[in-house]
Amino acid sequence: MSNAVVSSLKSAFDRSCGMLEQFIDVCPDEIWNKKFGGWPIWRQIYHAVGTIDFFVAQSAADFGSKPLAPEAGNLSADYSGPAATKAQVKTLMTAMQAKAEAYFAGLTDASLAGKNEGLSSRLNMDFSHATTCSMLAGHALYHLGSGDAALREAGLKGIF
């Protein structure tokens, strides 16, 4: 079975992760730590990367530890601790990408319409696996957009 639709959705996710990594590599420290769009850029990128398991974990046991306090990645919570370093975010990305890889590997084109039990229970509404896959890429790109805008506002070349 080819699973062409799953492959296409995974390709969009992989592209968003590649762009996040590219952003981390080119973002100057003064922008990394600058507040833009309501939060420091580092926190938006940390959130985009660190919530991948929120989308794909099927049980609480599937959530991994993060290098900072949980509230660092929760944009609705106050956080006054240290900023995540670029190295910490890249390490976290490697772990989160492995979780996403396992999630995608368990999907077939036929299963995409099925309910994502983990995400549905966390958000108390029904989400299909297809919706989850599109949300993975879309969520990352949303936060990457804030970073890209911060680069451009500083007169630098953006990622997009």
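A pairwise comparison of heavy atoms in Ile41 and Ser146 identifies CD1-O, 3.7 Å as the closest pair. When every heavy atom of Glu21 is checked against every heavy atom of Lys90, the shortest pair comes out as O-CE, 4.4 Å. Ile52 and Met96 make their closest contact through CG2-O, 3.6 Å (heavy atoms, listed as atom of the first residue, atom of the second, distance). Minimum interatomic distance between Gly118 and Gln58 (heavy atoms only, all atoms of both residues): N-OE1, 3.3 Å. Here the closest heavy-atom approach between residue Ile31 and residue Ala150 is recorded as CG2-CB, 3.8 Å. Shortest non-hydrogen contact noted between Ala4 and Asp109 is N-OD2, 3.0 Å.
Counting heavy atoms of neighbouring residues, nucleotides and ligands inside a 6.0 Å radius, atom CZ of Arg15 does not exceed 12 of them.
Side chain of Arg43 to main chain of Ala72: a donor-acceptor pair is present (N/O by atom type, distance under 3.5 Å, no hydrogens or angles). Within the 3.5 Å criterion, the main-chain N or O of Gln88 finds a donor-acceptor partner in the side chain of Thr85.
Side-chain contact check for Ser16 versus Leu136: every heavy-atom pair is 4.5 Å or farther apart. Phe160 has its side chain within reach of Leu141: a pair of non-hydrogen atoms, C-beta onward, lies under 4.5 Å apart. Asn33 has its side chain within reach of Trp42: a pair of non-hydrogen atoms, C-beta onward, lies under 4.5 Å apart. With contacts defined as side-chain heavy-atom distances shorter than 4.5 Å, the pair His143/Leu20 does not qualify. Proximity of Leu9 to Leu112: side-chain heavy atoms (C-beta onward) are separated by under 4.5 Å at one or more points. Proximity of Tyr79 to Leu68: side-chain heavy atoms (C-beta onward) are separated by under 4.5 Å at one or more points. At a threshold of 4.5 Å between non-hydrogen side-chain atoms, the residues Ile24 and Trp32 count as touching. Counting only heavy atoms from C-beta outward, the side chains of Leu119 and Val56 never approach each other to under 4.5 Å.
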What's the verdict on side chain to side chain donor-acceptor pair (under 3.5 Å) for Ser128 and Thr131, showing C-alpha distance, side-chain angles and the deciding distance?
CA-CA 5 Å; Ser128 70; Thr131 301; 3.0 Å; yes
Before giving the answer on side chain to side chain donor-acceptor pair (under 3.5 Å), spell out for Asn3 and Thr108 the whole-Å C-alpha distance, their side-chain angles and the decisive distance to 0.1 Å.
CA-CA 6 Å; Asn3 294 317; Thr108 64; 4.6 Å; no
Applying side chain to side chain contact (heavy atoms under 4.5 Å, CB included) to Phe36 and Leu151, what does each step give before you reach the verdict?
CA-CA 10 Å; Phe36 197 91; Leu151 290 176; over 6 Å; no
Yes or no on side chain to side chain contact (heavy atoms under 4.5 Å, CB included) for Gln44 and His47, after CA distance, side-chain angles and deciding distance?
CA-CA 5 Å; Gln44 292 201 48; His47 167 80; 5.6 Å; no
Take Val5 and Ser8 through the test side chain to side chain contact (heavy atoms under 4.5 Å, CB included) and record every step on the way to the result.
CA-CA 5 Å; Val5 179; Ser8 178; 5.6 Å; no
When you look at Asp14 and Gln97, which way does the side chain to side chain donor-acceptor pair (under 3.5 Å) test go after all the steps?
CA-CA 9 Å; Asp14 290 343; Gln97 283 178 297; 5.5 Å; no
Would you please test Ser7 and Phe104 for side chain to side chain contact (heavy atoms under 4.5 Å, CB included) and show each step?
CA-CA 8 Å; Ser7 294; Phe104 279 107; over 6 Å; no
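Taken together through direct or relayed side-chain contacts under 4.5 Å among Ile, Leu, Val, Met, Phe, Trp and Tyr, Phe127 and Leu107 form part of one hydrophobic cluster. Residues Tyr142 and Tyr46 fall into different hydrophobic clusters, defined by Ile, Leu, Val, Met, Phe, Trp and Tyr side chains chained together at heavy-atom separations under 4.5 Å. Hydrophobic cluster membership is shared by Met19 and Leu92, with clusters built from Ile, Leu, Val, Met, Phe, Trp and Tyr side chains linked at under 4.5 angstrom.
In this structure, Glu101 CD and Lys10 NZ are separated by 3.5 Å, a value rounded to the nearest 0.5 Å. Note that CE of Met125 is 9.0 Å distant from OG of Ser120, once rounded to the nearest 0.5 Å. With values rounded to the nearest 0.5 angstrom, Cys133 atom SG is found 11.0 Å from Phe55 atom CZ.
Between Lys86 and Asp25 there is no salt bridge, since no side-chain N of the basic residue sits under 4.0 Å from a carboxylate O of the acidic one. Remark: Asp53 engages Lys66 in a salt bridge, criterion side-chain N to carboxylate O under 4.0 Å.
A cation-pi arrangement is present between Arg122 and Phe54 under the rule of less than 6.0 angstrom and at most 45 degrees off the ring axis.
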